[in-house]
Amino acid sequence: MSVAVRFAPSPTGLLHVGNVRLALVNWLFARKAGGNFLLRLDDTDEERSKPEYAEGIERDLTWLGLTWDRFARESDRYGRYDEVAAALKASGRLYPCYETPEELNLKRASLVSQGRPPIYDRAALRLTDADRARLESEGRKPHWRFKLEHKPVEWTDLVRGPVHFEGSALSDPVLIREDGRPLYTLTSVVDDADLAITHVIRGEDHVANTAVQIQIFEAVGGAVPVFAHLPLLTDATGQGLSKRLGSLSVASLREEEGIEPMAVASLLAKLGTSDAIEPRLTLDELVAEFDIAKVSRATPKFDPEELLRLNARILHLLPFERVSGELAALGLDDADAAFWEAVRPNLSRVAEARDWWAVTHAPVAPATDDPAFLAEAAALLPEEPWDLSTWGTWTGAVKAKTGRKGKDLFLPLRRALTGRDHGPELKNLLPLIGRTRAQKRLAGETA
Ligand code: GLU
């Protein structure tokens, strides 16, 4: 059977780097295996799901290049969940329970105070028809629990290795709410079964769900997929990431931090694996290097500084065609490959190109602390056309004439030509500045 994986976010917030790492790992796994990648919106939590978050998820994945082969939305599939729930009720695997949340809290608190695990006591299974009729006549509506089999549940996890749970140590999960709506624990299994998902790759916060869901797969007659549970990413201090944590959202990395998608992908594909983190310019390279066996069980930390350093290394390699759109969006419509290649070694973010565009294409107040020397240098400026050899020819002549060398030669020229002490190589900048501006700047004029 061909490999099929899914990324199943709930559209209840912005995707953060931890969520999107799971999307990426699923996507790489599918591409590596020549399989397919499903984007499924787990949107049955109607109070918290929002269309703008669903759009945000699609925008973030598209920005990263994580295209999906199939798309599904749980809210389109209520009819199917009702059908499965009816069958599970008929076979006695779903049973009605009438406890209120307060009553359940009391039961839990009492078990915990006795030092016992807070497992549901199945009191509802002991209700008679008459009890149920009385409860319903009091206006109570049932929620429905799945009756787990008290037997071992085992699987070989692609990240965690052999995993073992005792069915008797798990609480029967609620699959249908009091208002009749199905919950994630059920809908996810029905979808994974119906959509023939072969591998479920998700966060380790779902390990206990998996134990329960394996029994649900068996009960609904679905093939049990292979599971892989990845340790969740934490922030640099070791704190968990939350969907409502705006600063590490993919949207803010893109829109506020100016990070390149391949920087995010290069980092997230390798964080928490045995591979070194290196700049990669295409997802294909990451596919070639991907192997889920390289994912470690240790908790990976996400460090924004590391991302920014990687972003810089990627920019230093990116060809002009890959950034021309971003440069145009910054208002640098006339920027060309020569400009990009001149400035990219000095950038951590594409937006910083604006500063160097101002140096080459807008008036600069030069720093001229040695006017006599600069006048001599100006007199030696070659005629145009200028190219990448002009700087060498010119400074060679200035050196011969003035006897200066090294910093004494170059720094005053840099300060006059750019108004700054540091920056991209002048060999590259000089032809962009042009002779007219260069001459005026050397003469101390703002030009
Ligand atoms: N919507 C669930 C989540 O975001 C999906 C978990 C799963 O992959 O099954 O945690």
Side-chain angles (χ1 to χ4, degrees), residues 3-30 35-51 53-54 56-58 60-61 66 68 70-78 81 84 146 153 155 157-160 163 173-175 177 181-217 220 222-234 240-245 248-250 268 292 295:
V3 163
V5 298
R6 84 300 194 280
F7 174 55
S10 305
T12 54
L14 299 172
L15 289 185
H16 59 57
V17 286
N19 308 128
V20 93
R21 168 172 171 257
L22 287 167
L24 176 64
V25 169
N26 272 285
W27 189 91
L28 292 170
F29 188 90
N36 74 75
F37 174 75
L38 163 74
L39 170 61
R40 183 180 80 216
L41 298 177
D42 277 5
D43 59 353
T44 48
D45 182 345
E46 290 180 1
E47 288 78 29
R48 292 173 55 230
S49 295
K50 301 238 156 51
Y53 290 134
I57 288 167
E58 295 194 31
D60 291 348
L61 295 182
L66 306 183
W68 47 97
R70 297 190 289 169
F71 178 83
R73 201 193 310 268
E74 293 201 322
S75 55
D76 291 338
R77 291 173 42 81
Y78 282 123
Y81 308 135
V84 173
F146 179 73
V153 185
W155 74 92
D157 196 286
L158 294 184
V159 175
R160 302 167 74 82
V163 183
V174 177
L175 299 190
R177 306 195 325 180
R181 288 227 301 273
L183 287 166
Y184 156 80
T185 311
L186 174 66
T187 57
S188 176
V189 169
V190 174
D191 294 340
D192 289 341
D194 287 356
L195 298 167
I197 296 301
T198 59
H199 294 75
V200 169
I201 303 170
R202 58 187 175 184
E204 69 182 7
D205 50 333
H206 287 287
V207 170
N209 279 340
T210 295
V212 162
Q213 288 182 326
I214 285 178
Q215 289 208 7
I216 303 176
F217 273 104
V220 302
V224 180
V226 175
F227 289 92
H229 293 90
L230 274 64
L232 297 181
L233 220 57
T234 67
L241 306 177
S242 132
K243 260 193 215 173
R244 280 156 289 279
L245 193 77
L248 295 180
S249 70
V250 178
L268 295 181
I292 197 147
V295 175

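Quick note: residue numbers are just sequence positions, from 1. Counting convention: from 1, in listed order, for ligands and their atoms alike.
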Check your understanding: Are any of the N or O atoms of Arg40 closer than 3.5 Å to those of ligand 1?
Key -> no

**Study point:** Candidate list Arg6, Arg77, Arg70, Arg40, test salt bridge (charged side-chain N to carboxylate O under 4.0 Å, His left out), partner Asp194, passing option
**Key:** Arg77

Practice item. Just jot down the ligand 1 atoms closer than 4.0 angstrom to any heavy atom of Asp42, in number order. Key: 1 (N), 2 (C), 5 (C)

Exercise for review: Enumerate the atoms of ligand 1 whose separation from the nearest heavy atom of Arg6 is less than 4.0 angstrom.
Suggested key: 7 (C), 8 (O), 9 (O)

Check your understanding: Numbering the atoms of ligand 1 from 1, which are under 4.0 Å from a heavy atom of Arg202?
Key -> 7 (C), 8 (O), 9 (O)

Review point. Do any N or O atoms from the side chain of Asp43 and from the backbone of Ser75 form a donor-acceptor pair under 3.5 angstrom?
Key: yes

Review point. Does His229 offer a backbone N or O that forms a donor-acceptor pair with the side chain of Asp157 under 3.5 Å?
Key: yes

Practice item. Please determine if Pro9 has a nitrogen or oxygen closer than 3.5 Å to a nitrogen or oxygen of ligand 1. Key: no

Practice item. Indicate the ring-plane relationship of Tyr184 and His206, choosing parallel, tilted or perpendicular according to the 30° and 60° boundaries. Key: tilted

Point to revise | Any Phe7 heavy atom less than 4.0 Å to ligand 1 | key: no

**Study point:** Flag, side chain of Thr44 to backbone of Leu183, donor-acceptor distance under 3.5 Å
**Key:** no

Point to revise | Polar side-chain atom of Ser188 near backbone of Thr185 as donor-acceptor pair, under 3.5 Å | key: no

Review point. Any idea which atoms of ligand 1 are less than 4.0 Å away from a heavy-atom of Ser188?
Key: 9 (O)

Review point. What do you reckon, does Asp205 have a nitrogen or oxygen under 3.5 Å from a nitrogen or oxygen of ligand 1?
Key: no

